[in-house]
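Scroll down for the structure; my scribbles are underneath it.
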Number of protein chains: 2
Amino acid sequence: MSKRPVSLKTLAQALNVSISTVSRALRNHPDIGPELTQRVQQLAQELHYSPNPLAMGLLKNATRIIGVIVPALVTHFFASIISGIESVAIEHGYYIVIRCSYESFEKEQECLANLLQLRVEGIIMCLSQETKTYAHFDPLLAAGTPLVFFDRVCRPAEVPTVVVDNQAAACRITRHFAAQGRRRIAHIAGPAALNISRERVAGYRQGLAAEGLDFDPQLLASCNMSATSATAATRQLLALPAPPDAIFGVNDTTAFAAMKEIRRQGLRIPADVALVGFTDEYHATVVEPALTSVMHPTFEIGRTAALLFLEQAKGPVPPRQVVLATQLVVRESSGQKP
Amino acid sequence: MSKRPVSLKTLAQALNVSISTVSRALRNHPDIGPELTQRVQQLAQELHYSPNPLAMGLLKNATRIIGVIVPALVTHFFASIISGIESVAIEHGYYIVIRCSYESFEKEQECLANLLQLRVEGIIMCLSQETKTYAHFDPLLAAGTPLVFFDRVCRPAEVPTVVVDNQAAACRITRHFAAQGRRRIAHIAGPAALNISRERVAGYRQGLAAEGLDFDPQLLASCNMSATSATAATRQLLALPAPPDAIFGVNDTTAFAAMKEIRRQGLRIPADVALVGFTDEYHATVVEPALTSVMHPTFEIGRTAALLFLEQAKGPVPPRQVVLATQLVVRESSGQKP
DNA sequence: TTTTTCTCCGCAAAGGTTTGCGCAAAGCTT
DNA sequence: AAGCTTTGCGCAAACCTTTGCGGAGAAAAA
């Protein structure tokens, strides 16, 4: 389509020397005389020569492209993580190609295959909600292709991961509720296949135990992390004979949905029901009442994942499991029980 | 680093035929006998052969990669647009590489140069806030490299663009305010270099005129679209001897900041000051009161931009200017004046 | 039987880059 | 002056793919 860009050949012909000489001159090879080196470099400047990454890729078997697969793009959480990945990638001369699995197992496999066809040097990804089997990563592992999981992970013995301290955070939330005088603390959990769901439930129960509160299965609702299913879960909780006086959602989307439903039923937050989210989407601060939430170091998660990729890309190293700390940001939605 | 993937050579050696024969067999060339064709294709299947895009790229001078530059990633608006671009790209066998200009002119140029080095087939982008000169696009135009602008645009005579009906929408907002009994309608505008800012101001003034209201320069504040500068602008407006009874922000971030500041000053929304945003970030529905805003067809903007790229990529065609319709979503924040 | 026509496949070049090796001319040593 | 080491550059292969052309063998025609 468009004209071919200037190549070594272009320069070589213009200067009446061989391609290899030009190549060497540009890399300041001692074999090339200083005068010629100078001339070559100057012409390269003038003609805005830049090495063809396709040719280099072919030669070195390295595209300098990282494939990134996220379950969703249009969320503060993933966008921010991608931003973190991008920043590290750029610093190290890598590009990132993003693909979205839309929380579908099938699409996740498609994306994976698709990116491998592109010959990405590795994959950084977050599992889809539907992903319950992990055999589709076998080929990568076998081929030694760098792979990094973040947030939702699997096969930690083989694949480096970066996650947050989900259980500790959930425990902290539960105890925070208790400290505010809440006794019937509910949790809207996510899909059980996801480590984040399981860990947060574990933290929830740990927190209950630490506060001497009994675990009531009725207070453990679950959803698929969509707003509608979270609304349904909230409705179910509020319809209980003994409804909860505190709810924490598996993420902020869930909490927002719960907030709407609670208000729709004419209940007050936090007077009647305290509420806490997870993931700290940007707008947690803007809702009324402001939402107490667990702040994820999203940008840092992205950066760390990218750094783990770089580690793997250098050579096979044992997979590291990085756990990043979260922070419970207390706002109005989890105020003292009157 | 990792082992080389299976190539035509691998297949050729395994089957003891030449590389060209394998290549032809895979593409069902009539020159190759049916029996051999069958054997080649079967082995290719078994070994999961897929053509090397680098080699193809070199040969065809086409990487099938689209470069995308956005001023920011971590917003509903841009994330959703990127999602739209990605969906079309995938459908047509393209990949997208995303770069972020962070609203900086300098970084915008870096990203551009960086993506061109990667030999992307074209660029889809949104101008940074700082971008006031447009000469850095000359090389692309000269080389015939496909280029598409969305939302914030320039050089519309030469470059295809996809924008929304900013002026009409701003006019609609202003008249909506008037219909709710507002008389002192303020606007917090964005940087004047941006078409979106100028068009929205024009719509604002058009709306005032249509309603027989005088334009008061004091009611036209401006900001750089950041929350802090929007807060300052709001403070300035509210400090006026005759403060506004309605404000519309150039986007939702601005409106959210205004909302906080208005409440901080003890004023009620919409009783004292009505408020309208622009861009309809997801959380507009979740704030209290829910924010009236102009809904952008973000996903569609992305899809359209990608389609315009495909048009250009096919061959040089005159640049089209696509204008997408927005929708004013009336919620509580712009209720009737008491 | 000889010539012609197919059928089926391989050679080689091109695209851009790096790099081991070879080779000529110049400078150096005795 | 003859042999030696440098110095400075080009050749060619490799990475992977497509494709025009040529060529060997077999089948068909004369």
Side-chain angles (χ1 to χ4, degrees), chain A residues 1-41 43-44 47-65 93 116-121 143, chain B residues 1-41 43-44 47-65 93 116-121 143:
Chain A
M1 206 65 46
S2 52
K3 279 170 56 88
R4 288 203 174 262
V6 352
S7 67
L8 289 184
K9 194 177 185 180
T10 320
L11 302 178
Q13 288 174 343
L15 293 169
N16 218 13
V17 294
S18 81
I19 292 177
S20 28
T21 299
V22 175
S23 173
R24 278 188 258 256
L26 289 176
R27 330 182 104 246
N28 287 309
H29 194 287
D31 264 13
I32 308 300
E35 190 264 349
L36 182 55
T37 298
Q38 158 72 17
R39 270 169 52 217
V40 170
Q41 295 191 353
L43 187 67
L47 267 47
H48 298 106
Y49 167 80
S50 81
N52 189 320
L54 296 178
M56 294 290 269
L58 207 54
L59 196 66
K60 299 272 175 60
N61 193 24
T63 50
R64 300 209 74 81
I65 296 178
L116 291 177
Q117 278 185 18
L118 180 63
R119 308 305 202 251
V120 296
E121 288 191 32
Chain B
M1 207 64 46
S2 52
K3 280 173 54 89
R4 289 200 175 263
V6 348
S7 68
L8 289 184
K9 194 178 184 179
T10 319
L11 301 179
Q13 289 173 341
L15 292 169
N16 218 15
V17 294
S18 79
I19 292 177
S20 28
T21 300
V22 175
S23 173
R24 277 186 258 255
L26 288 176
R27 330 182 104 246
N28 287 309
H29 194 286
D31 264 14
I32 308 300
E35 190 264 348
L36 181 54
T37 298
Q38 158 72 18
R39 270 170 49 217
V40 170
Q41 294 190 354
L43 187 66
L47 268 47
H48 300 106
Y49 168 79
S50 81
N52 188 320
L54 296 177
M56 295 290 269
L58 250 191
L59 198 65
K60 299 272 174 58
N61 194 25
T63 50
R64 300 207 75 80
I65 296 179
L116 291 177
Q117 279 184 17
L118 181 62
R119 308 306 204 250
V120 296
E121 287 191 34

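Letters A, B, ... mirror the listed sequences (proteins, then strands); counts begin at 1. A quick note: this is a predicted structure, and the numbers were derived from the prediction, not measured.
Contacts of A:R27 classified as salt bridge (Lys or Arg N to Asp or Glu O under 4.0 Å), with partners at least two apart in sequence or in another chain: none. For B:L59, there are no side chain to side chain contact (heavy atoms under 4.5 Å, CB included) partners at least two apart in sequence or on another chain. With sequence neighbours excluded, the residues that form a side chain to side chain contact (heavy atoms under 4.5 Å, CB included) with B:Q13 are B:K9.
With rounding to whole Å, A:K60 atom NZ is found 12 Å from C:dG16 atom C1'. Here C:dG16 presents its C1' atom at 15 Å from CD of B:Q117, a figure rounded to the nearest Å. Atom CG of A:L59 and atom C1' of C:dT17 are 5 Å apart (whole Å). Following rounding to the nearest Å, A:L26 (CG) and C:dG16 (P) show an atom-to-atom distance of 15 Å. Between the CZ atom of B:R39 and the P atom of C:dC8 there is a distance of 14 Å, given to the nearest Å. When rounded to the nearest whole Å, the span between CG of B:L54 and C1' of C:dG15 equals 12 Å. Note: CE (B:M56) to C1' (D:dC15) measures 15 Å, nearest angstrom. Look at CG on A:L58: it is 8 Å from P on D:dT17, rounded to the nearest Å.
The heavy-atom pair separating B:V22 from B:A12 by the smallest distance is CG2-CA, 3.7 Å. Contact detail for A:L54 and B:L54: the closest heavy-atom pair is CD2-CD2, 3.5 Å. In plain terms, the two heavy atoms of A:K60 and B:R4 that are nearest each other are C-NH2, 4.0 Å. Residues B:V6 and B:Y49 come closest through the heavy atom pair O-CD1, 3.4 Å. Scanning all heavy atoms of the two residues, the minimum distance from A:T37 to A:A25 falls at CG2-O, 3.5 Å.
Annotation: the span from B:E35 atom CD to B:I32 atom CD1 amounts to 12.0 Å, rounded to 0.5 Å.
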What are the atom names and distances for every N/O pair under 3.5 Å that joins the protein to nucleotides 25-28 of chain C?
none

Just the atom pairs and distances: protein N or O near nucleotides 20-24 of chain C's N or O, under 3.5 Å.
residue	atom	partner	partner atom	Å
C:dG20	O6	A:R24	NH1	3.4
C:dG20	O6	A:R24	NH2	2.6

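DNA chain D is contacted by B:L8, B:K9, B:I19 of residues 8-19 of chain B, taking any non-hydrogen atom closer than 4.0 Å.
Side chains of B:S20 and B:S23: no donor on one and acceptor on the other come within 3.5 Å.
Distances were taken from every side-chain heavy atom of B:R4 (C-beta onward) to each of D:dT18, D:dC16, C:dG16; the shortest belongs to D:dC16.
If you check every strand for non-hydrogen atoms under 4.0 Å, A:L36 touches sugar and phosphate atoms only. The residue A:S7 sits close only to the backbone: its heavy atoms come under 4.0 Å of sugar-phosphate atoms, none of a base.
A:R119 places a side-chain N or O within donor-acceptor distance of the main-chain N or O of A:Q117, the cut-off being under 3.5 Å.
Using a 4.5 Å heavy-atom threshold, the side chains of A:N52 and B:L58 count as touching.
At the phosphate of C:dT17, OP1 or OP2 sits under 4.0 Å from a side-chain N or O atom of A:Y49.
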